[in-house]
Novice: 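Here you go, one structure.
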Amino acid sequence: MTVRVRFAPSPTGYLHIGGARTALYNYLYSKSVGGTFVLRIEDTDLERSKSEFEKLQIEDLQWMGIIHDEGPDKPNPKYGPYRQSERLEIYSKYAQELIAKGLAFYDFCTDEELEAMKEKATAEGRDSHYDGKWKHAEHFAEAQTRVAAGERAAIRFKAPHKDFILNDKVKGSVTYPDGMVGDFVIVRSNGVPVYNYCCVVDDMLMEITHVIRGEDHLSNTVRQLMIYEALGAKVPEFAHVSLLIGADRQKLSKRHGATSVNLYREEHYLPEAMCNYLTLLGWSHPTEKDIFDKSELKEVFSLERFSTSPAMYDLEKLKWVNGQHIKKMSNDDLIALVSKEPGSEFFNKQTPAWKNSAVEILKQQVHFLSDIIKMIDHLVLQDTLEMTDQLKDILSWETTPKIIDYIHSEVSKITTEYITEAELNGWMEFVKKEMGVKGKPLFMGVRATLTGQDHGPDLKILIPLTPVSIIKKRVAQLKK
RNA sequence: GGUCCCAUCGUCUAGCCCGGUCUAGGACAUCGCCUUUUCACGGCGGUAACAGGGGUUCGAAUCCCCUUGGGACUACCA
């Protein structure tokens with residue numbers, strides 16, 4: 001039997017980090033067993049669903065490399081359509097079947113009646129389950145005639161009186177005691193079916209074999225179990241993955257800050273880093289490897305390695321993972337990405353050798369792509385000096401003014417755009433041999449003179465990357 | 001309130017199912033040292049956890065129960 005999994009977002013907003021993680025787990029599982037990954041759009045909430053969001057969410061998924069095998073844009077005639085709003089007749093057909101079998105019933109109760117029912121139940125200390133007259137068989141005929149006459153009614157499912165047991169791949173055996181849920185609505189009075197019902201009909205018809213989703217669905221799963229049974233459908237395997245939480249240990253939501261994938265895309269996080277980090281939030285690599293690409297997981301991904309407790313979404317570690325992925329990249333790939341960063345105009349004008357050298361030295365110490373541009377601005381293009389205490393200290397050494405004088409005259413002779421490493425070496429040699437300066441005063445003195453800073457990358461690489469015009473300005477300021 | 005789920009360093013986690021090899025391992029963060037005549041990278045090391053209480057057992061992070069704490073669900077939302 002081929003494995004079929006699905007990710008079923010509601011197009012009511014941007015793709016959420018938590019959603020991306022579930023999508024990723026489904027994707028990884030399907031790849032690990034050679035199954036099919038289906039994308040289904042759950043847009044039965046007419047008010048909140050917007051087609052733009054569907055498009056945006058798919059874009060975010062694609063950015064992360066979570067590519068679906070089937071979906072609205074890649075339909076398989078056997079299973080489509082893939083938008084619930086386009087499957088209304090299907091749901092209606094099965095709802096009629098359930099009514100015919102006496103497993104569901106039309107309900108004409110008004111909101112007020114329902115409210116009164118609830119209040120009465122709470123007053124009596126009972127669970128506030130549906131208690132209306134329409135569930136009883138003697139009213140079925142009346143209900144049919146009223147509906148035939150065009151009156152609107154919701155359709156409720158008759159919750160069977162028995163325990164349900166779910167063997168969850170992550171949670172293990174979960175028991176839902178009898179009476180946990182009452183007769184619930186499967187089709188609203190406006191004719192639109194609800195999630196718990198559509199989901200089952202779709203999973204059944206789309207032959208979904210494994211449902212991997214957030215733990216927030218765990219309690220509701222009993223409703224779905226009931227419907228599977230009523231429909232006579234085979235129950236898929238369920239894997240309820242623990243939730244992502246914020247620093248306050250509450251379910252991750254907008255108020256925890258950047259929780260939409262598109263924000264990270266805009267900040268140019270590396271998609272592979274994002275996937276890497278998200279994978280590790282609730283799943284562990286069998287060899288405790290912590291930096292990897294999705295493609296390396298085919299052989300090792302399994303449902304057995306999920307953690308059962310919630311995981312806190314922590315930007316610090318994501319930052320580190322992103323940095324690790326930058327280090328892993330080839331210089332050419334990295335150059336291509338850096339060239340698209342805002343503020344990369346100067347970078348883009350440089351020779352391939354310059355870019356390669358710059359990227360090679362800078363990628364060692366950054367966490368984000370934008371850091372590379374920031375560092376170029378700071379290390380290479382900064383032409384006004386900031387008088388830090390450290391710089392003042394270096395300038396106070398008796399050898400430093402002599403170095404400045406010497407380099408000032410040497411630099412003014414340079415007519416090329418860049419200083420070569422050989423020229424720099426020559427200056428170092430001169431200061432060492434002819435001026436008798438060595439050790440820390442030599443290196444720090446030269447560094448301060450040329451960069452105006454007391455620390456930074458290796459001068460032999462940094463200085464040939466810095467335009468002479470910038471260096472001239474720096475030295476001139478120090479000479480005063 | 002009710003039902004269900006969860007509980008190892010500050011954080012992500014390994015170990016738990018199949019008790020002993022756990023004076024509890026790794027990673028992020030943090031601190032220190034080494035290396036780099038600077039910074040970073042890297043290397044080495046430190047601080048830091050089995051929520052509490054009862055059992056079962058020769059022996060429990062691992063099995064059972066209770067307590068406590070946290071979370072989810074409890075819609076004609078998904």
Side-chain angles (χ1 to χ4, degrees), chain A residues 8-12 19 42-45 47-49 84 107 109-111 114 118 122 125-129 152-156 166 168 170-172 174-177 179-182 184-196 198-199 213-223 240 242-243 245 247-251 277 280-291 304-305 307-321 323-324 327 361-366 375 379 390 394 438-444 447-448 451 453-459 462:
Chain A
S10 299
T12 54
E42 308 218 324
D43 54 354
T44 55
D45 183 347
E47 271 109 77
R48 296 197 296 148
S49 297
Q84 292 188 328
D107 177 28
C109 289
T110 61
D111 287 350
L114 259 17
K118 209 170 172 177
T122 22
R126 287 183 290 117
D127 282 341
S128 56
H129 290 161
R152 293 182 134 198
I155 300 174
R156 269 181 199 274
L166 169 69
D168 192 88
V170 179
K171 300 289 178 184
V174 177
T175 305
Y176 302 96
M180 190 173 166
V181 296
F184 55 94
V185 170
I186 56 173
V187 181
R188 302 174 177 89
S189 49
N190 65 4
V192 182
V194 304
Y195 163 76
N196 279 119
C198 301
C199 180
R213 54 168 29 163
E215 192 189 340
D216 47 346
H217 291 279
L218 188 60
S219 310
N220 277 158
T221 303
V222 66
R223 292 182 168 80
H240 284 97
S242 63
L243 259 20
I245 56 178
D248 56 359
R249 306 212 71 94
Q250 308 264 309
K251 186 173 163 181
Y277 175 65
L280 253 14
L281 241 34
W283 183 84
S284 60
H285 194 285
T287 65
E288 294 207 63
K289 201 168 183 225
D290 43 22
I291 298 297
E304 269 73 63
R305 299 199 62 84
S307 109
T308 46
S309 47
M312 194 178 288
Y313 185 65
D314 170 31
L315 276 337
E316 272 304 320
K317 190 144 185 182
L318 171 58
K319 179 178 162 185
W320 175 77
V321 171
Q324 293 298 312
K327 282 189 194 56
I361 191 168
L362 294 178
K363 77 174 176 187
Q364 298 306 325
Q365 43 193 295
V366 299
M375 292 192 79
L379 296 171
Q390 292 86 340
I394 296 168
K438 57 185 178 178
K440 201 173 172 188
L442 166 65
F443 281 84
M444 291 296 262
R447 175 179 292 281
T451 69
Q453 288 165 25
D454 64 315
H455 63 81
D458 190 350
L459 282 180
L462 181 61

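On a predicted model such as this, the values are computed, not experimentally measured, just so you know. Heavy-atom basis, side chains included; hydrogens, waters and symmetry copies ignored. Below, chain A is the first sequence line, B the second, and so on; all start at residue 1.
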Novice: What integer number of Å spans the C1' atoms of B:rG19 and B:rU56?
Specialist: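 One C1' to the other, the span is 11 Å.
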Novice: Could you state the NZ-P distance from A:K171 to B:rA7, rounded to the nearest angstrom?
Specialist: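 That distance rounds to 8 Å.
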Novice: Grab the CG-P distance between A:D290 and B:rU11 for me, whole Å please.
Specialist: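 Computing the A:D290:CG to B:rU11:P distance gives 18 Å.
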Novice: Would you compute the distance between atom CG of A:L218 and atom OG of A:S242 and round it to the nearest 0.5 angstrom?
Specialist: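 Answer rounded to 0.5 Å: 11.5 Å.
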Novice: Taking only N and O in the side chain of A:R156, is any of them less than 4.0 Å away from OP1 or OP2 of B:rA75?
Specialist: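 No, no such contact exists.
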Novice: Taking atom CZ of A:R223 and atom OH of A:Y195, what is their separation to the nearest 0.5 Å?
Specialist: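 Between atom CZ of A:R223 and atom OH of A:Y195 there are 11.0 Å.
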Novice: Between atom CG in A:L315 and atom C1' in B:rG10, what is the gap in whole Å?
Specialist: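 Atom CG in A:L315 sits about 16 Å away from atom C1' in B:rG10.
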Novice: Kindly point out which of B:rA7, B:rU3, B:rC73 is positioned nearest to the side chain of A:D216?
Specialist: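 Selected nucleotide (nearest to the side chain): B:rC73.
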Novice: Base, sugar-phosphate or nothing for A:T12? Non-hydrogen atoms, less than 4.0 Å.
Specialist: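 Nothing, no heavy atom under 4.0 Å.
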Novice: Please work out if A:D107 contacts a base, only the sugar-phosphate, or nothing of the nucleic acid, heavy-atom cut-off 4.0 Å.
Specialist: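 Here A:D107 touches no strand at all.
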Novice: Taking A:R48 first and then A:D45, would you say they form a salt bridge - that is, a charged N and a carboxylate O separated by under 4.0 Å?
Specialist: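 Here A:R48 pairs with A:D45 in a salt bridge, since their nearest N and O are under 4.0 Å apart.
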Novice: Does NZ belonging to A:K440 count more than 12 external heavy atoms closer than 6.0 Å?
Specialist: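 No, NZ of A:K440 has 12 or fewer neighbouring heavy atoms, counting only those of other groups under 6.0 Å.
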Novice: Rounded to the nearest Å, what distance is computed from the NZ atom of residue A:K251 to the P atom of nucleotide B:rC4?
Specialist: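 Distance check: A:K251 NZ to B:rC4 P gives 20 Å.
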Novice: Counting Watson-Crick and G-U wobble pairs only, both distances under 3.5 Å, name the nucleotide matched with B:rA48, or none.
Specialist: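 Base-paired to nothing in any strand shown.
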Novice: For A:H217, which contact category applies under a 4.0 Å heavy-atom criterion: base, sugar-phosphate, or nothing?
Specialist: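 Counting heavy atoms under 4.0 Å across all strands, the contact made by A:H217 includes a base.
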Novice: Within the structure shown, what part of the strands sits under 4.0 Å from A:P9 by heavy-atom distance: base, sugar-phosphate, or nothing?
Specialist: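 No contact.
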Novice: Taking the P atom of each, how far is B:rU13 from B:rA75, in whole Å?
Specialist: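 Nearest-Å result for B:rU13 against B:rA75 at atom P: 31 Å.
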Novice: B:rC31 and B:rU68: how far apart are their P atoms, nearest whole angstrom?
Specialist: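 Rounded to whole Å, the distance is 40 Å.
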Novice: Measuring from the side chain of A:M180 (C-beta onward, heavy atoms only), which nucleotide among B:rU3, B:rG42, B:rU13 has the closest atom?
Specialist: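 Ranking B:rU3, B:rG42, B:rU13 by closest atom to the A:M180 side chain puts B:rU3 first.
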Novice: Can you figure out which of B:rU38, B:rC5, B:rU74 approaches the side chain of A:R447 most closely?
Specialist: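 Between B:rU38, B:rC5, B:rU74, the one nearest the side chain of A:R447 would be B:rU38.
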Novice: With a 4.0 Å cut-off on heavy atoms, is A:R305 in touch with a base, just the backbone sugar-phosphate, or nothing at all?
Specialist: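 It contacts sugar-phosphate atoms only.
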Novice: Using the C1' atoms only, state how far B:rC12 lies from B:rU30, rounded to an integer number of Å.
Specialist: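 Looking at atom C1' only, B:rU30 and B:rC12 are 16 Å apart.
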Novice: Return no unless some side-chain N or O of A:R188 is found under 4.0 Å from OP1 or OP2 of B:rA78.
Specialist: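 True: A:R188 side-chain N/O within range (under 4.0 Å) of B:rA78 OP1/OP2.
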Novice: Please name the nucleotide paired to B:rA75 by Watson-Crick or G-U wobble geometry with both distances under 3.5 Å, or report none.
Specialist: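 With both distances under 3.5 Å required, B:rA75 matches none.
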Novice: Both distances under 3.5 Å, Watson-Crick or G-U wobble: report the partner of B:rC39, or none.
Specialist: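 Paired with B:rC39, as far as the under-3.5 Å criterion goes, is no nucleotide at all.
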Novice: Take atom P in B:rU62 and the same atom in B:rC73, then report the distance between them in whole Å.
Specialist: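 The same atom, P, in both gives a distance of 30 Å.
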Novice: Using only modelled atom types and a 3.5 angstrom limit, is any donor from either the side chain of A:E288 or the base of B:rG25 paired with an acceptor on the other?
Specialist: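 Side chain to base: pair found, below 3.5 Å.
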Novice: If we take the C1' atom in both B:rG46 and B:rC9, what is their distance in whole Å?
Specialist: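 So the two C1' atoms sit 14 Å from each other.
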Novice: Base, sugar-phosphate, or nothing: which does A:G282 touch, judged by heavy atoms less than 4.0 Å apart?
Specialist: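 Result for A:G282 = sugar-phosphate.
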Novice: Looking at side-chain heavy atoms only, is the closest gap between A:L280 and A:D290 below 4.5 Å?
Specialist: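 SC-SC contact between A:L280 and A:D290 confirmed.
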Novice: B:rC5 P sits how many Å from A:R249 CZ, rounded?
Specialist: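 Rounded to whole Å, this separation is 19 Å.
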Novice: For the residue pair A:H240 and A:K171, what are the closest heavy atoms and their distance?
Specialist: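 Smallest interatomic distance, heavy atoms only, reads O-CE, 3.7 Å.
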Novice: Please state whether the base of B:rA29 and the side chain of A:K317 form at least one donor-acceptor pair under 3.5 Å?
Specialist: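 Counting by modelled atom types and ignoring angles, no donor-acceptor contact under 3.5 Å is found here.
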Novice: Between A:V170 and A:P193, just flag the one whose closest nucleotide in RNA chain B comes earlier from the 5' side.
Specialist: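 Upstream on the strand: A:V170.
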Novice: Can you check whether A:Q365 reaches A:P457 side chain to side chain, under 4.5 Å on heavy atoms?
Specialist: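 In short, these two side chains touch, coming nearer than 4.5 Å.
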Novice: Which of these nucleotides, B:rC76, B:rU38, B:rC73, is closest to any side-chain atom of A:M444?
Specialist: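 Out of B:rC76, B:rU38, B:rC73, the nucleotide with an atom closest to A:M444's side chain is B:rU38.
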Novice: Closest approach of A:G282 and A:A311, non-hydrogen atoms and distance?
Specialist: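 Minimum heavy-atom separation between A:G282 and A:A311: N-CB, 4.4 Å.
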Novice: What interatomic distance, in whole Å, is found between C1' of B:rA61 and the corresponding atom of B:rG2?
Specialist: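 Per the computed distance, 32 Å lies between those C1' atoms.
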Novice: My understanding is that a pair needs two contacts under 3.5 Å, Watson-Crick or G-U wobble. By that rule, which nucleotide pairs with B:rC58?
Specialist: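 B:rG20 - that is the nucleotide pairing with B:rC58, both distances being under 3.5 Å.
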Novice: Of A:L218 and A:V185, whose closest RNA chain B nucleotide lies nearer the 5' terminus?
Specialist: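 Closer to the 5' end of RNA chain B: A:L218.
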Novice: Choosing from B:rC6, B:rA78, B:rG71, which nucleotide comes nearest the side chain of A:L243?
Specialist: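 So the side chain of A:L243 is nearest to B:rG71.
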Novice: Hey, does A:S242 reach any base, or is it just sugar-phosphate, or nothing, if we go heavy atoms under 4.0 Å?
Specialist: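 Nothing, no heavy atom under 4.0 Å.
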Novice: Do the side chain of A:D314 and the base of B:rA29 come within less than 3.5 angstrom through a donor-acceptor pair of N or O atoms?
Specialist: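 Counting by modelled atom types and ignoring angles, no donor-acceptor contact under 3.5 Å is found here.
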Novice: How many Å lie between NZ on A:K363 and P on B:rC39, as a whole number?
Specialist: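 About 23 Å, once rounded to whole Å.
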Novice: Mind calculating the distance between CG (A:L462) and P (B:rC39) to the nearest angstrom?
Specialist: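 Roughly 15 Å, once rounded to whole Å.
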Novice: Record whether the side chain of A:S189 comes under 3.5 Å of the base of B:rC76 through a donor-acceptor pair of N or O atoms.
Specialist: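 Donor-acceptor pair under 3.5 Å: yes.
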Novice: Hey, is the side chain of A:T44 poking within less than 4.0 Å of OP1 or OP2 on B:rA78, counting only N and O atoms?
Specialist: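 Answer yes for this pair, as a side-chain N or O of A:T44 is under 4.0 Å from OP1 or OP2.
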Novice: Nearest to the A:S309 side chain among B:rA14, B:rC77, B:rU8, which nucleotide is it?
Specialist: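 Within the option list, the nearest is B:rU8.
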Novice: Checking base pairs now: Watson-Crick or wobble, both atom distances under 3.5 Å. What partners B:rU11?
Specialist: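 Checking every strand shown, B:rU11 finds its partner in B:rA27, with both distances under 3.5 Å.
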Novice: Between B:rG15 and B:rA27, how many Å separate the two C1' atoms, rounded to a whole number?
Specialist: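 Per the computed distance, 15 Å lies between those C1' atoms.
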Novice: For A:C198, answer base if it contacts any base atom (sugar-phosphate contacts may also be present), sugar-phosphate if it contacts only those atoms, and nothing otherwise; contact means non-hydrogen atoms under 4.0 Å.
Specialist: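 If one applies the 4.0 Å heavy-atom cut-off, A:C198 turns out to touch nothing in the nucleic acid.
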Novice: Of the candidate nucleotides B:rC5, B:rC28, B:rA78, which contains the atom at the shortest distance from the side chain of A:W320?
Specialist: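 Of the candidates, B:rC28 comes closest.
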Novice: Measure across A:Y277 and A:M312 and return the closest heavy-atom pair with its distance rounded to 0.1 Å.
Specialist: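 Taking every non-hydrogen atom into account, OH-O, 3.9 Å.
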Novice: Reckon A:S219 has a side-chain N or O less than 4.0 Å from the OP1 or OP2 of B:rA72?
Specialist: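 Checking B:rA72 against A:S219, no side-chain N or O comes under 4.0 Å of OP1 or OP2.
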Novice: Calculate the interatomic distance between A:H240 atom NE2 and B:rA72 atom P; express it in whole Å.
Specialist: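 Rounded to whole Å, this separation is 15 Å.
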